[in-house]
2 protein chains.
Amino acid sequence: MIMLDRADRALLEAVQKNNRLTSEELAQTVNLSPTACQRRLKRLREEGVIEADVSIVSPKAVGRSITMIVLVSLERERADIVDRFKAAIRATKEVMIGYYVTGDADFILVITAKDMEDYEAFTRRFFYENHDIKGFKTMVVMDRVKAGFAFPLDL
Amino acid sequence: MIMLDRADRALLEAVQKNNRLTSEELAQTVNLSPTACQRRLKRLREEGVIEADVSIVSPKAVGRSITMIVLVSLERERADIVDRFKAAIRATKEVMIGYYVTGDADFILVITAKDMEDYEAFTRRFFYENHDIKGFKTMVVMDRVKAGFAFPLDL
DNA sequence: CAAACAATGCAAATTTTCTGCGTTGACGTC
DNA sequence: GACGTCAACGCAGAAAATTTGCATTGTTTG
């Protein structure tokens, strides 16, 4: 595995919250020269430690006011069926997050929809027409208490 | 609500995937001048349509190889208890995502841990010592099939 | 129809990032 | 302990990107 020193971790910690900081600003928090920060970030990106750099948009602002969590059980847990379902997840834009899990369900999905009608149309298309699916259980999100993919990095 | 035209949507669509594109590059995909792109993005950030700009780091690379999904049920669904639990979620760094939901569970959490031992220590601290919690059910993530907060924006 | 306004593009000014280069410090070998 | 190697550093100049000023265009409103 790639070795990360204290400075790398501090940089990651910072850009996980805000990746538009200038190298000058980063330099202050990390106690390094701007150039060094920049070179390290470049390396972290090349090595894949930083997987992506993205903007987070407000669901409300773009008319995606509803979020659902769906627990999905497949008919059989056979490799080809699982793989086929994974592909369906990746190809479906309404699915924001998809986890393949052990336990009560086989998959857990986070779905966005414009409204209930939109969600219902989605379920019909995505779930009912898929014969690999044994059943699914929907939970409506009332509050997104916390959301992010920021990992705690003990410095 | 804020009005978004076709160009705004195209810009959001782009920066949701990659916010390090130069205005020049954006200009090409959006059919606008670099300056206009820049100004629109600035506005979108000021208005809160773009909530944040962050780097996504690889869980593996930082030694957070385990992800759990936890369904939590509270003893009682009373406002003060719910609020207290929300605060706990926000304050706990191991909780990456927290949703307050209707249905079988009250909360759904996505937790990261270095390893099983780390996770067990977390559950002891976070769940067993909290008397508001009636029970919780853990599901181990085997594969993060898809992850992101990118919304589909019909252009 | 005219005034007001918002958005655009271009060009200049500013800021930020990138690159070349010489230096430093850690590590391994002789 | 001396020497060579190598990776990371900081500085300074070069290159690139962003921001700002300004004139223009198109749309809405009275």
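Everything numeric here is computed off the predicted structure, so don't read it as measured data. Convention: sequence-line order gives letters A, B, ...; per-chain numbering from 1.
In this entry the distance linking CE of M3(A) with C1' of dA7(D) reads 16 Å, nearest Å. In this structure, CG of N31(B) is placed 19 Å from P of dA7(C), rounded to the nearest angstrom. Note: CD (Q38(B)) to C1' (dA11(C)) measures 16 Å, nearest angstrom. Between L11(B) atom CG and dA7(C) atom C1' there is a gap of 14 Å when expressed in whole angstrom units. Rounding to whole angstrom units, CG of residue L41(B) and C1' of dT20(D) are separated by 17 Å. To the nearest angstrom, P of dA17(D) lies 8 Å from CD of E25(B). With rounding to whole Å, D5(B) atom CG is found 14 Å from dT27(D) atom P. Distance, R43(B) CZ to dT19(D) P: 15 Å, rounded to whole Å.
A pairwise comparison of heavy atoms in M116(B) and I66(B) identifies N-CD1, 3.5 Å as the closest pair.
Taken together through direct or relayed side-chain contacts under 4.5 Å among Ile, Leu, Val, Met, Phe, Trp and Tyr, I111(A) and V72(A) form part of one hydrophobic cluster.
Toward the 5' end of DNA chain C, the nearer of the two residues K42(A) and P34(B), judged by each one's closest nucleotide, is P34(B). When the nearest nucleotides of DNA chain D are assigned to R39(A) and R20(A) by heavy-atom distance, the more 5′-ward of the two goes with R39(A).
Checking T22(A) against E25(A) by side-chain atom types alone, a donor-acceptor pair falls below 3.5 Å.
Here the options are F107(B), F85(B), F127(B), F122(B), the test is ring-ring contact (aromatic ring centres under 6.0 Å, His included), and the partner is F136(B); only F127(B) passes.
Not one side-chain nitrogen or oxygen of T35(B) sits closer than 4.0 Å to the OP1 or OP2 atom of dG9(C). Contact check, S23(B) against dT18(D): a side-chain N or O comes under 4.0 Å of OP1 or OP2.
Backbone-only contact: R40(A) has heavy atoms under 4.0 Å from sugar-phosphate atoms and none from a base.
Here dG9(C) is the nucleotide among dC18(C), dG9(C), dC21(C) with the atom lying nearest to any side-chain atom of L32(B).
The pair R6(A)-E13(A) does not count as a salt bridge, with every side-chain nitrogen at least 4.0 angstrom from each carboxylate oxygen.
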